[in-house]
Each structure stands twice: as C-alpha cells, then as structure tokens.
2 protein chains.
Amino acid sequence: MKRKTVCTDPGWSRRADCVHCAIRSCVLFADLPPDDLDNVLSVIEDQTYPPNSVIYREGEKGHALFTIRHGMVKLVRDLSDGKQRIVRLLKLADVAGLEVVIGSNYKHTAIAVDEVEICRIPLPVIERLVPKHPELSRELMARWQRNVDDADRALVDFSTGTAEERVARLLLYLSTADNICICSSLGRQDMGAVLGISTETASRVMAEFKRRGAVREVASERCCHFNLELLGRIANPD
Amino acid sequence: MKRKTVCTDPGWSRRADCVHCAIRSCVLFADLPPDDLDNVLSVIEDQTYPPNSVIYREGEKGHALFTIRHGMVKLVRDLSDGKQRIVRLLKLADVAGLEVVIGSNYKHTAIAVDEVEICRIPLPVIERLVPKHPELSRELMARWQRNVDDADRALVDFSTGTAEERVARLLLYLSTADNICICSSLGRQDMGAVLGISTETASRVMAEFKRRGAVREVASERCCHFNLELLGRIANPD
DNA sequence: CGTAAATTTGAATGGATTCAAACGTGGTGG
DNA sequence: CCACCACGTTTGAATCCATTCAAATTTACG
C-alpha cells in the first residue's frame, strides 16, 4: 500500500517529513533505516520559494544541498556579455547544489521558476552520515550521474538542431514533468535561455506550433495541451 | 622530491604502475595506502589505442572505467539524423565511463582522437575497494563533479555565441591540455561536432584566425601556436 | 483602471549552412 | 619511384534560418 504525501498536509507543512514524504523512495535518504533518518529530520528544513526568487548564487560558499519536492528550478550561469544561459532545469526529486558535498562553491545560480517547495539539507548532515552509510554514498553518486545525464541532455537535445526541433524537445521534456498538461511556467525568455535561441524566436516557434495543432492553449486554466506524437516527429526529423 | 613518470619506461610498459605513475596524485587511487594499492595493481591494465579506435560503445554493459594518461578521447553521442555530436573532450587524468560504477550502461561512445594511453580499471576493483575506503568514494564524487563541470563547459563555452567565439574558446581549452603548442589532433570535422557548427564553418574560422595571427601554423611539426591574448579577446567579446 | 512587463509580429540584416568544386596530402599498388 | 585514388581541407556562391531592432498587442498587477 502506497502512502499519499502528507508533507503538504497543514499539520506537517514547514516541517520536513521524510518518512512519509511521497518522494521518499526516490530521494537521497531512501535506503536509510528509519531510526537514523529520525536523527536528521530536525535539521532538514522544508522551504517554499516564490517564483523568480534566488535559492543560492553562483560562487557562494555552500552549506546545504536541496531536493526539489514541487515546482521547477533553473540553474543559471552568467555570460560575459551580460546575458545568462540556463544550464539545467530541475524538477521533482532532482538535487541542486551537490557540488558542496566535495567542498566546492555553488557552480550556478539557482532560481525558482514557479512556486517551489524544496528540502534544504545542511551539509553537516551529509558529512556525518556518509562514513556510516555506504548506501548513501551510492545514492549521492546516482544523483551525480543524473546531473551528468541532464547536462548531456541540455547539450544534445536542447542545444542541437533547428529552433523548432529544440522547442519540441523541451516541451516533450516538460510534459514528462507534469503530465500531458503542462502549466507553461516557462516564459519565452526562459525557453530561449535554455535552448540558446532568442526570445523572439521562441515566441515565433510556439505560435507556429499552435497554428499546426502541436500545442493547444486552454483559456480557462493556464495550461497547454501537447500533441505528443506530432511534437515527437518535429523533435526528431529523419 | 617528485618522481618522474616511469610508466612509459620500457620496463614498465603494458603494465600499470600506479605507485610511480606521474599522474598518480590526480588519479582515483591517490589517497590509498600503497599496500592496498598493490593488491589491485595486477588487474589494472595499461592500454594503448590508435587514433580513431573505439574504446567502448554507447549502450554497452560496462565492466570497466578508464583514466586517461596520454592523448585525447572524445565522448560521442549519435543523433537521430545520423550525424554525431561530441559531448565532451577528455584529456590527461580525466575519467571515462564513471557511470558503470552505479550499474549503468555506457552513456556515450568513447573514441581515441590521437594515440591514447589509458588505465583500464575493472569495475570489481572499485566495488571491492569502496566499502573499505571512504576516501575513494570522495575521489569518485570529485570525478563526477568534474564530469558535470566539463558538461557545463560544453554547453556554455562550446555551444554558445558565434562560431568565432566558440572556436576561440575551444582552442584556449586545448591550449591548457598541451601547452601553448597544440598538435592540432582535432580535425575540422571534430571541431564542428564539438561546437555544434558545420565542418566548413570550422574551417573558415580557422583560416580567418590564421590570417589575423591568432593561430600560426608551423610547417615542420604539425603544430599550431596560439596567440592567447588575441584568442581570449575573441572568446569573450564585451 | 492604468502602468509596467511580457508576448507577438513585422521587416531588414547577418551569420551559418548547404551544395559544389578545387586543392592538397598521404597511402597504395603498378 | 611515380601515378593515382581516397580523404580531409579549403573556398565560393546561393540560400536559409535566426537575430536584431522596432512597434503593436496582450497580460499581469497594484
């Protein structure tokens, strides 16, 4: 029997409840025995960030890493010409700030795209647990590999091919985050910054997709429905 | 007192000698006590690959990871349209195939760019050592982070901006690998595949760089000298 | 309801791709 | 040893795609 998330339950809000948390099974401490888990619960903070708020900043000395429980986070790097490039988009159960575990400063600026709920895990927690629990090390490595995979995707899927292909691939990626219906939290500017294209081009492509029926806007909810097959064909022409 | 590398010494060739190896200090087993190190030396194989040979292939079940001791390796991913994109360039002391440590198949195809010497580290070695040596876990995590950093560089430096900017940044990156004089092992086609531009554009930009004196070819050796300041200015216009 | 911000659309420009051909170079076999 | 072929590089010209700048329109929000 699966437990529903109770983390958003009023009684538990603003407190980490990793035992009952819905994403526990795909989260860092998944394999820890419950009693060890209890010892660290008190210092794991459940935080909420409003849209566009900064979670941490590139170059800062990091004292914590973060697990995303709801919403989307963008990892941004500033370019020499003043613009900025979105290096990665993090969604449910992704980890931000892993680099602090090896003593590095934050490598990006992390910004909430929409309203974001995250678990803030202080670095000392990790440092205390790692020596005792090899399975936590494994779990950390798996997260690192996921970071690499996501970075590779940013290059191969989001930064290769025509603007249309890139946008289609991004939409498909987002559609797996939420379901078919994505509350288009990403503005055109952010889409451009992810895909390495201009804001105007992103807008034009989206308009064209609506015309072709690849994307359908629903006026009531701020939602878009995706035509997955059509998008798939656009994403990988052959 | 620093030891010179004796790994290329005839007496040691074709055998791993991680105790005396020149890159030992920046290599996976740097922090292991020498006696533990001895136990695994026999199974770490010192290999040489000719240019353009495949070290491993995307999707294969991996039984080993690799440390690069000489030369350059490209990690390639095939695209839907038959072309291929170079995701990363690995050089001295970089690690390829880390993903096998968490039980994953190889995520890219690894191909030797020039003549490459690598240490082949069988997976069981890692699996045996990790539980006993937490410092090895730390070392592995540091490698993973390096992979992430390199992947981010591929995106931000090599896949952003005009063709000229990208080529300049690639040359600067290569110049840190060898010294100022890079034996231009990368063909124009590979340059294009790294930078996400066409072979012809890569060629045109290089020709233009020679005209402007940013790159000077030395006929005798197959070497190019770089004008680092000029390249730096081209790489980051502002 | 009015202002600021984001999106959309247009027209001109520019940069990169594509297709094609010429050039150089290294290797192989006659 | 030279001729010849294969392959990578270079260069040209036409085309196409995306950017840029500008203006119009919509949306968000106090």
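Below, read A as the first sequence line, B as the second, and so on, with proteins coming before strands; counting in each chain starts at 1.
Nearest to the side-chain atoms of B:Ala163 among the listed nucleotides D:dT9, C:dT9, C:dA16 stands C:dA16. When each of C:dT8, D:dT11, D:dT20 is scored by its nearest atom to the side-chain atoms of A:Arg204, the top-ranked nucleotide is D:dT20. Listed nucleotides: D:dC21, D:dT11, D:dA18. Nearest to the side chain of A:Glu200: D:dC21. Nearest to the side chain of A:Thr162, among D:dT19, D:dA18, C:dT9, sits D:dA18.
Summarising the geometry, the separation between NZ on B:Lys83 and C1' on C:dA16 is reported as 12 Å, rounded to the nearest angstrom. Distance CG (A:Leu195) to C1' (D:dA18): 13 Å, rounded to an integer number of Å. Between A:Lys210 atom NZ and C:dT7 atom C1' there is a gap of 9 Å when expressed in whole angstrom units. Rounding to whole angstrom units, CD of residue B:Gln189 and C1' of D:dT10 are separated by 14 Å. A straight line from CZ of B:Arg188 to C1' of C:dT25 spans 14 Å, rounded to a whole angstrom. One can place CD1 of A:Ile197 at 21 Å from P of D:dC16, the figure rounded to the nearest angstrom. One atom, CD of A:Glu208, and another, P of D:dA18, lie 12 Å apart when rounded to the nearest Å. Rounded to a whole Å, the CD atom of A:Glu165 is 14 Å from the C1' atom of D:dC16.
Using a 3.5 Å distance cut-off with no hydrogens or angles, the side chains of A:Thr160 and B:Arg85 do pair a donor with an acceptor.
Within the structure, every side-chain polar atom (N or O) of B:Arg166 is placed at least 4.0 Å from both OP1 and OP2 of C:dG15.
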For this session: Report the C-alpha separation of B:Asp152 and A:His108 in whole Å, then their side-chain angles, then the decisive distance to 0.1 Å, and conclude whether the side chain to side chain donor-acceptor pair (under 3.5 Å) test is met.
Result: CA-CA 10 Å; B:Asp152 286 345; A:His108 316 89; 2.8 Å; yes

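Classification of the B:Tyr56-B:Tyr106 ring pair by plane angle, with boundaries at 30° and 60°, yields parallel.
Map B:Met206 and A:Thr201 each onto its nearest nucleotide of DNA chain D; the residue landing nearer the 5' end is B:Met206.
For CZ of B:Arg57, the number of neighbouring non-hydrogen atoms (other residues, nucleotides, ligands) closer than 6.0 Å is 12 at most.
Contact detail for A:Asn227 and A:Gly213: the closest heavy-atom pair is CB-O, 3.5 Å.
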